[in-house]
2 protein chains.
Amino acid sequence: MDLRQLKYFIVVAEEGNIGRAALRLHISQPPLTRQIQQLEESLGVQLFLRTPKGVELTEPGTLLLEEARNIRKLVSLAEERTQKAGRGELGQLDVGIFGSAILDTIPKVLQAFRKRHPDVNVVLHTMEKGKQIEALRQRRITVGFNRVLSPLPDIISEVIATEKLYIAVSDQSPLAAHKTLPFRTLAEEPFIAFPNTGRPNFVDKVFTLCQEQGFLPTVAQEVGDAVTAVALAASGFGVCLVPASATKLSLPGVQYKAIHDLPEGASVDLSCVYLKDHTSPILESFLSVLRETHQSSGVLQATL
Amino acid sequence: MDLRQLKYFIVVAEEGNIGRAALRLHISQPPLTRQIQQLEESLGVQLFLRTPKGVELTEPGTLLLEEARNIRKLVSLAEERTQKAGRGELGQLDVGIFGSAILDTIPKVLQAFRKRHPDVNVVLHTMEKGKQIEALRQRRITVGFNRVLSPLPDIISEVIATEKLYIAVSDQSPLAAHKTLPFRTLAEEPFIAFPNTGRPNFVDKVFTLCQEQGFLPTVAQEVGDAVTAVALAASGFGVCLVPASATKLSLPGVQYKAIHDLPEGASVDLSCVYLKDHTSPILESFLSVLRETHQSSGVLQATL
DNA sequence: ATAAGACCATACCAACAAGGTATCAGAAAC
DNA sequence: GTTTCTGATACCTTGTTGGTATGGTCTTAT
């Protein structure tokens, strides 16, 4: 049995006439007759009754007609789906993210991607930087989102947003009266540091910055994630430094202050990481959406 | 895309190595390589990554593998089912029956048939003789069961059972005292005639018999079916003559009496009818079961 | 009744595609 | 560095598909 034979069979069954079917198939009648004979022979079943007016399906033929249509439908569906998958429009994309990445950037990208490729199932996996690298190498995720990253030979890291830094203060603090604050505020107030995993990380970067400005903040508290840090700042434990995207997080009692004398390089990158020798068409299409979103929205950087 | 290519694709995917796959497929490696290349080309999608150790499915390849397996399963299922249908082991058999035929013969045959061919869906249609012929010609039924039938050029009628006749009497009647009765009982008792459709029919046959014996029964009541006739006999309206199989019908107050001087030819046939130029393999297998059942059970005739 | 038309089946030929053998090219393992 | 895997390529042989011409049978029209 052969897909071509099935195609021929269906047309012959539909036309009830081998000659007309041959016309519709753009072949001549004798080869078509032969293909039908071969199909019947290979199955050992008579599929058509030969009448003076043409041919007529037998009972087994009627059954096969139904099955043949199903088969052809399934085949063309398989072709379509495979091609879609080849263009990165169908399948699954496993994305590694970290806690506060969900606040602004990632949702925008994901939204744009889902809109463009509705048949790709995006699965988010929350894991810290080190785990992301491991998961990438084991192919458990296809792409990850990260902040500070030391370069690795087998992994590409692409900066998709550079975010300015803001100071989170309690609205009960005297600092709340100012519209903006100087960078040195960090030297004078108790400092809430985060995260405490995945070195080198955001807090390391901050400390380096402060050192360049000639001071070191006094760490009042070390916490795991941005949400906890902001919550502590809101209740007056001290101040903390957050990337622009985290200012989307409005907790009661917190205010975010821009820094008017922000030093050169006092910003933090959001990067996406993926394997250098990846082969996923889905990742390709994800990256292209990512780059477009990133370009069109300098928004991501300017966003308060 | 081709069923052979799909088969090759599956084996290559399973082996992860074109050479080994070729071995398993009993072909040499170069044609297999080419088939895979052609499949990829026709889809416009890379299905395998070539690694130094062999080949490895890409994402679209993984998807296609699943689909390809489904397709092949569906194809082999279609082959099996078509062949089964060709042997009359799968499909639907529409059977025309008349009321009292269900009492004994038909259930036995159907039971035997279902056991032998469990995948054939037997659909019973109750209709009287004339309608059966019409339905046969219109292919609404494939086979019918009947009693007295005048021969028709396009229809074959096969006697499957010859049943002796019994007299049904009320247990309140003085006749109930006798173990058997003479045929002339019919001349003396009010007679309940059935059926009243589909001439020539059972009651015509009975009247001919009586005439041969030199009398005519006094018709007290004319009814449509055997069940009604027996019910009337039970409640003392008169007697009626029934085929052996109807004695399986035990209604309260009825007794069936054998006829000790049953005239030659005083029996009634149960026949099955079907189109002379039928082409149904299912009917063929039904008929062979029918003939076996009929032979093995002279029972059907001897049955009280 | 005979001829014409419509259908499928058969015979034979040409073109193409599938499979085989020999061999190449590149990467990994010794 | 050589051997040994791997898949890719070149070229040939054979089988299969499709085309043309024609036969055989049944229906239909004259």
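Given the structure is predicted, the values throughout are model-derived calculations rather than measurements. Residue numbering restarts at 1 for every chain, and letters A, B, ... go by the order of the sequence lines.
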Without decimals, in angstroms, what is the distance between E41(A) CD and dA9(C) C1'?
14 Å

When you compare the side chains of H278(A) and E284(A), does any donor N or O come within less than 3.5 Å of an acceptor on the partner?
yes

Write down the distance between CD1 (I18(A)) and P (dT10(C)), rounded to a whole number of angstrom.
11 Å

Atom of M127(B), atom of G96(B) and distance for their closest heavy-atom approach:
CG-CA, 4.5 Å

Can you give one letter per nucleotide of nucleotides 19-30 of chain C, going 5' to 3': B for a protein heavy atom under 4.0 Å from the base, S for sugar-phosphate only, - for none?
BBBB----SS--

Can you find a side-chain donor-acceptor pair between S271(B) and N146(B) that sits under 3.5 Å?
no

When the ring planes of F9(A) and F48(A) are compared, do they come out parallel, tilted or perpendicular, using 30° and 60° as the limits?
tilted

Contact between T142(A) and Y274(A) at the side-chain level, heavy atoms closer than 4.5 Å - yes or no?
no

Under the side chain to side chain donor-acceptor pair (under 3.5 Å) test, which residues partner Q46(B), sequence neighbours left out?
none

Reading DNA chain D from 5' to 3', where do the contacts with chain B start and stop? Cut-off is 4.0 Å to heavy atoms.
dT6(D) to dC11(D)

Run the salt-bridge test on K84(B) and E89(B) with the 4.0 Å N-O cut-off and return the result as yes or no.
no

In whole angstrom, give the distance that lies between atom CD of Q38(A) and atom P of dC8(C).
17 Å

Euclidean distance, atom CG of residue N17(A) to atom P of dG5(C) [Å, nearest integer]
18 Å

Looking just at side-chain N and O atoms, do Q38(A) and S42(A) make a donor-acceptor pair shorter than 3.5 Å?
no

